[in-house]
Amino acid sequence: MPQLIASKSRSRSTRLMPHTGAMPVMLFTFGIFGLLGRAGAETSPTPSAPPPTLPPPSPPPPAPPHGTARFLADPPATLATATVEKPRPRVHVYDMPQSVSFEFNMSQPRLKPYESYTDGYRQYRTEALIPELVRASAQYEPDPKQADLFLVPFRGLARFYKHRYQPDGLNDLDAEFTAAVRWLEAQPGDFFRSRPKDHMWIFGSGRGVSIFPSWRKHIADCIFIGPEGDERTGWVAPHVKDVIVPGFIGPPPIAQSAAFESQAVRPIFAHFRGSYTSARSGEENFSEGVRLALVRATTAFRLPRHIMARKLSSGVYEYKASPFIMSNASVDPKAYSREMQNADFCLCPMGSSSWTARIYSAIASGCIPILLSDHISLPFDYADSPVDWRKIAIKWPQRDVTGLLAYLCSWSEADIASTRALVSDAARMLLWNGPDSGALAQMMRYLTRHLTLAQTPPTWWGRDGLPVVPPVNGLPLALLPSAHPITPLDVLVMVKEMGCVMVQSVSALRNHVRPRKIHVVADTCDGWSGSGSVEIDSCTETRNVMPEFSLNEAKKLMAALHPEVPAERIGWLYQQLLKFKSALLPDHGGANVLVWDGDTVLTRPFPLPLIDDRGKAVLLQGTRYDSPAYFDRSGALPVGYFESTRKLLGANPPVNTSYVVQWQVWEHAILKDMTRLIESRFREPWYRAM
């Protein structure tokens, strides 16, 4: 068995190379990101020994391909008989005097809340917890000479809050940080001076390293660990040097009800409870206005009836009056946790900075987090990470909260349940739940990956990681155009006028359906010239579609036969006749036509093709479970639905299925056969019979 020799390269990678050329070279990369540490011990580090004389190394191996792990946590099988080594990276936690590190025992009495990380300071506890967990982990290395990385357990955030309002507090804080640096520089082995890029400091809030005024002078090359990864700050470099970690939220909440189970229907559709604005100095642009935009959007938003019915079917009536919680009122922590555990979607807008602890509270509650923070960097977000943020969260553009609300309404209960199950699975990897599991284990795994594995995700994404594009000209956004080929059908869009809603509706159809042509029927085609803000192929005015049976004639006929029908209802009925007649016009389509209401906007492609491989149209239908608005309170179809179908076609429709939808695909040949059948039964034109 050849002897393995460790040597440092200029790129801060450690190569483990065989003494002879008999073994393949293994690459270990550490010191690129950073991780954890230890708290409270009083012994000094082991004195440094003179470095051994190393034999000449083997020629360097070729670099591994892109996406290959360069830091192997386990030795290869061929070394199975060698001495069992600690898993990499080996992390040494400095045993700093308490007077330098301020590592107070958090259980001791008379500590301030910011020193014991209680009350409003709990989310910052990572600066105390990470060293504790590392010292108890398999990667802890007490001998600094054997360490790959070094963790500095200085509790800077606790000191920041101690000095925050003192007259000369900033200078006092800077002096305490500097004293910690001087202590490191004085240690035997000179590790801090010779290997600053392998030293890690913890900054557990959105302020990051900025709480150390002279950080650029003393620790600019070190690794920063913390939840904030907004590169606009100028002091954090995620995926390049620094490590983004989850915030601390305490132990996972205990389920308060059966709704916590991933497959159960939850009574709350969406949830946000928190501050809308901030009166703190320097936070005049709090949340960059996102939270206020949410308030405006939700105030004007009304949940569709079918979603209201779904939420009531949960059997939990505590939130019946408000299945969409948007509030800045405070509630006790148990009630807050219970709300999240009963919610499908948890809105997580940025606050004082780009990250928010609400993300991890949502994940711990099995609630799908909706990220409204354009510049957030997420923990453990690299190419082969077991934490797949694109499967467990939605990241939506801050400036399109209205489009977000409409998009969330497009999710089926099955979509929600399957995604919530993934969120619950991910929770065990994102919470601080032990020294060799949870967030700490993922951090150690993250440190074993090279920079080339950094994730390059879309800026925003929807369900299953589908990319999202930002809104254009203030209109609601749509998902990226489908890669599918052109669908062999034409689209017939029925609208009152050529307004902005119709423009967005047609644009989404172009993106997601990709039809051959789009034809519009409107009361007036004024403003359409064949080109402009919306691309359509033809526009026909309503009065020209069916001149042989005008709206006035329809009103006269209905007044004679059914005087009880309101006049405005007759206009709606007449529009249904126009759909049939427009679809029968030779200029409006080939074998298939998609009939579309112009006030309906697609937010994503259809999950199934509208036309199958045989060129046949897919029949769209609904049940009382997924389309409750089309059934009565007892879950039955309306009586008139049965009667009209039976009279017109001489057949009874299925009792549990409704074909009332906002769009339908019609086959031209079947449509012609149906109108002929009606005319043969009634001995008059089909439109008068209808």
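Hydrogens, waters and symmetry mates play no part in the numbers below; they use all other heavy atoms, side chains included.
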Spacing of [atom1] belonging to [X] relative to [atom2] belonging to [Y], to within rounding of 0.5 Å:
X      : Y      : atom1 : atom2 : answer
Arg302 : Leu405 : CZ    : CG    : 15.0 Å
Ser507 : Met502 : OG    : CE    : 11.0 Å
Thr126 : Leu440 : OG1   : CG    : 12.0 Å
Leu430 : Ile359 : CG    : CD1   : 10.0 Å
Cys409 : His306 : SG    : NE2   : 6.5 Å
Leu378 : Lys395 : CG    : NZ    : 6.5 Å

Report task. Let me see the working for Cys367 and Val423 under side-chain contact (heavy atoms from CB on, under 4.5 Å), right down to the final yes or no. Result -> CA-CA 7 Å; Cys367 182; Val423 171; over 6 Å; no
Heavy-atom check, side chain of [X] versus side chain of [Y], under 4.5 Å:
X      : Y      : value
Thr356 : Met350 : no
Arg125 : Trp432 : no
Thr419 : Trp411 : yes
Pro369 : Ile363 : yes
Ile611 : Val665 : yes
Val245 : Met443 : yes
Leu303 : Pro323 : yes
Pro349 : Leu294 : yes

Query raised in the report: Taking NZ, NE, NH1 and NH2 as the nitrogens, is one of them in Asp332 or Arg338 under 4.0 Å from a carboxylate oxygen of the other?
Result: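 Result for this pair is no, no salt bridge flagged.
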Query raised in the report: Given Val601 and Ser505, is the side-chain contact (heavy atoms from CB on, under 4.5 Å) satisfied, shown in steps?
Result: CA-CA 5 Å; Val601 180; Ser505 178; 4.3 Å; yes
Short question: side chain of [X], backbone of [Y] - any donor-acceptor pair under 3.5 Å?
X      : Y      : answer
Trp389 : Phe380 : no
Thr298 : Phe301 : no
Gln664 : Tyr659 : yes
Ser322 : Tyr319 : no
Gln442 : Val387 : no

[X] versus [Y], closest heavy-atom pair with distance:
X      : Y      : answer
Ser365 : Met340 : OG-CB, 3.6 Å
Trp396 : Trp461 : CE3-O, 4.5 Å
Ser352 : Glu283 : OG-OE2, 3.0 Å
Tyr276 : Arg291 : O-CB, 3.8 Å
Lys311 : Arg266 : NZ-O, 2.8 Å
Lys320 : Leu312 : CG-CD2, 3.5 Å

Between [X] and [Y], does any side-chain donor sit less than 3.5 Å from a side-chain acceptor?
X      : Y      : value
Asp374 : Trp460 : yes
Arg273 : Ser327 : yes
Tyr382 : Arg445 : yes
Ser410 : Arg463 : no

Report task. With Phe345 as reference, evaluate Tyr407, Phe269, Phe272 under the ring-ring contact (aromatic ring centres under 6.0 Å, His included) test and give the passing residue. Result -> Phe269
Report task. Among Arg232, His375, Glu231, Glu228, find the one that has a side chain to side chain donor-acceptor pair (under 3.5 Å) with Ser354. Result -> Glu228
Query - Within the 6.0 Å centroid threshold, strictly below: Tyr117 and Phe248 - result: no
Query raised in the report: side-chain contact (heavy atoms from CB on, under 4.5 Å) between Asp464 and Arg390: does it pass, once the steps are laid out?
Result: CA-CA 6 Å; Asp464 293 331; Arg390 277 132 217 92; over 6 Å; no
Requested in this report: Identify which one of Leu408, Leu347, Ile268 satisfies the side-chain contact (heavy atoms from CB on, under 4.5 Å) criterion when paired with Phe324.
Outcome: Leu347
Query raised in the report: Are Leu422 and Asp388 close enough, and set up right, to give a side-chain contact (heavy atoms from CB on, under 4.5 Å), and what steps lead you there?
Result: CA-CA 9 Å; Leu422 295 175; Asp388 190 345; over 6 Å; no
Query raised in the report: Taking the six-membered ring for Trp, are Phe203 and Phe224 parallel (under 30°), tilted (30 to 60°) or perpendicular (over 60°)?
Result: perpendicular
